[in-house]
Amino acid sequence: MEKLAEITLNAPALFDLTGRVALVTGAGSGIGQRIAMGLAQCGADVGLLDRRTDDGLAQTAEFIAKTGRRSVEIAADVTSEDALADAVTRVEAELGALTLAVNAAGIANASPCEDMSEEQYQTLMDINMKGVWLSCRAEGRAMLAHGKGGAIVNIASMSGVIVNRGLSQVHYNASKAGVIHMSKSMAMEWVDRGIRVNSISPGYTATPMNTRPEMVHQTREFESQTPMQRMANVDEMVGPAVFLLSDAASYCTGVDLLVDGGFCCW
Ligand code: NAP
């Protein structure tokens, strides 16, 4: 048996992100914004990317400054490979070698399949699926180049696992199933080069995405369909992201972590 004095376990330190540098897409609102704030509270400096032109990014940056960590605000679109390459270059120049990334930028909308235009389908796919791949590619290239390894978390959805009752969003559901499987595929490509890739699949979460006018009347239904009988608070996505990015998850790669109040059990 191992001698007690030889056991070096320090469980709280496993979640410490001090000295790490992260890039978060969708950092100007909702889940991405709150995760970016949480990463800073755990010690990381954070690059903040979003296409929003309101004060979302500035608010995230202000919160991070109060934690004593640094951030860089980047107004960019995840469908542009040049913008993503520039973003990674800027983050590394201003904050240091990138070893953490969360890809949360995404959109949602709905139309019956038979009425959906090709443009509606393609625009969503370009952001939700290709945008995640382009983001991972830019982040992975930097992580492979500096050889310090890394951890990436992509925000998928329980809609990539189940079909949401009453929501006609064939393109959204397919994009999220794509993110889950893409994450597993990249995890396997990079498994021997020190980069872990996992996804989080949130259930219904109270963010601006779910306060769109067409969604408000469905809130009660979302709550009653969920075993926990409520939507997630956006803070509840932070712990799972910190876990998957941190050394606490050093043996986790290719995992899709459902954070859904039990939704997919029923
Ligand atoms: P949100 O509050 O709307 O935040 C998403 C952010 O991403 C917004 O600031 C949005 O800007 C930005 N964004 C969208 N397209 C972009 C692009 N092409 N380039 C750069 N930034 C872009 O929504 P959220 O609920 O936090 O969603 C975050 C992620 O969680 C999404 O991938 C979503 O699918 C996923 N998710 C959400 C829920 C939920 O119930 N809320 C459940 C499961 C999964 P705009 O406002 O300009 O679009």
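We count ligands from 1, going down the list as the structure has it; atoms in each ligand are counted the same way.
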Show the atoms of ligand 1 that are less than 4.0 angstrom away from any heavy atom in Ala76. 19 (N), 20 (C)

The atoms of ligand 1 lying under 4.0 Å from a heavy atom of Gly26, numbered in the order shown, are 6 (C), 7 (O)

Around atom 1 (P) of ligand 1, find the nearest protein heavy atom and jot down its residue, atom name and distance. Ser29 OG, 3.6 Å

Backbone or side-chain N or O of Asn128 under 3.5 Å from ligand 1 N or O: no

Taking heavy atoms and a distance under 4.0 Å, where does Val78 meet ligand 1: side chain, backbone, both or neither? both

Just heavy atoms, cut-off under 4.0 Å: does Ile107 contact ligand 1 by side chain, backbone, both, or neither? side chain

Against ligand 1, does Ala108 come closer than 4.0 Å with any heavy atom? no

Identify, by atom number and element, the atoms of ligand 1 in contact range of Tyr204, meaning under 4.0 Å from any of its heavy atoms. 40 (O)

Within a 6.0 Å radius of atom CD on Glu62, are there more than 12 heavy atoms belonging to other residues, nucleotides or ligands? no

Just do the side chain to side chain contact (heavy atoms under 4.5 Å, CB included) check on Leu84 and Glu81 with the steps written out, would you? CA-CA 5 Å; Leu84 285 164; Glu81 61 173 329; 5.6 Å; no

Looking only at protein heavy atoms, identify the closest one to atom 23 (O) of ligand 1 and say how far it is in Å. Met209 CB, 3.5 Å

Can a non-hydrogen atom of Ala206 be found less than 4.0 Å from any atom of ligand 1? no

Atom 22 (C) of ligand 1: of Arg34, Arg52, Arg51, Lys130, the nearest heavy atom sits on Arg51

Numbered in order shown, the ligand 1 atoms found under 4.0 Å of a heavy atom of Gly30 are 2 (O), 26 (O)

Does Ala27 come within less than 4.0 Å of ligand 1, judged by its heavy atoms? no

Any carboxylate oxygen within less than 4.0 angstrom of a Lys/Arg side-chain nitrogen, looking at Asp247 and Arg20? yes

Show me which atoms of ligand 1 lie under 4.0 Å from any heavy atom of Ile127. 15 (N), 18 (N)

The closest protein heavy-atom partner of atom 42 (C) of ligand 1 is Gly203 O, 3.3 Å

For Asn210, take its heavy atoms, then give the atoms of ligand 1 lying under 4.0 Å from any of them. 39 (C), 40 (O), 41 (N)

Identity and distance of the protein heavy atom lying nearest atom 36 (N) of ligand 1: Tyr172 OH, 3.6 Å

Under 3.5 Å between any N/O of Ala104 and any N/O of ligand 1: does that happen in this structure? yes

Closest protein heavy atom (residue, atom, distance) for atom 5 (C) of ligand 1: Gly106 O, 3.9 Å

Among the heavy atoms of Lys176, does any lie under 4.0 Å from an atom of ligand 1? yes

Test log, rule side chain to side chain donor-acceptor pair (under 3.5 Å), inputs Asn103 and Glu139: CA-CA 10 Å; Asn103 299 311; Glu139 295 148 2; 3.0 Å; yes

Would you call Glu236-Arg230 a salt bridge at under 4.0 Å N-O? yes

Near Ile155 (heavy-atom distance under 4.0 Å), the atoms of ligand 1 are 29 (C), 30 (O), 32 (O), 35 (C)

Name the option, out of Leu124, Ile31, Thr207, Asp77, that contains the heavy atom nearest to atom 38 (C) of ligand 1. Ile31

CD-NE2 distance between Glu92 and His146, expressed to the nearest 0.5 angstrom: 5.0 Å

If we only consider heavy atoms of Ala156, is any one of them less than 4.0 Å away from an atom in ligand 1? yes

Just checking Glu119: does its CD atom have more than 12 heavy atoms from other residues, nucleotides or ligands closer to it than 6.0 angstrom? no

Any heavy atom of Asp50 sitting closer than 4.0 Å to ligand 1? yes

Determine whether more than 12 heavy atoms belonging to other residues, nucleotides or ligands lie under 6.0 Å from atom CD of Gln229. yes

What verdict does the salt bridge (charged side-chain N to carboxylate O under 4.0 Å, His left out) test give for Asp54 and Arg52, after you've listed the backbone C-alpha separation in whole Å, the side-chain angles of each residue and the deciding distance to 0.1 Å? CA-CA 6 Å; Asp54 63 6; Arg52 281 179 95 102; 3.0 Å; yes

May I ask you to check whether over 12 heavy atoms, not counting those of Met188, lie within 6.0 Å of atom CE? yes

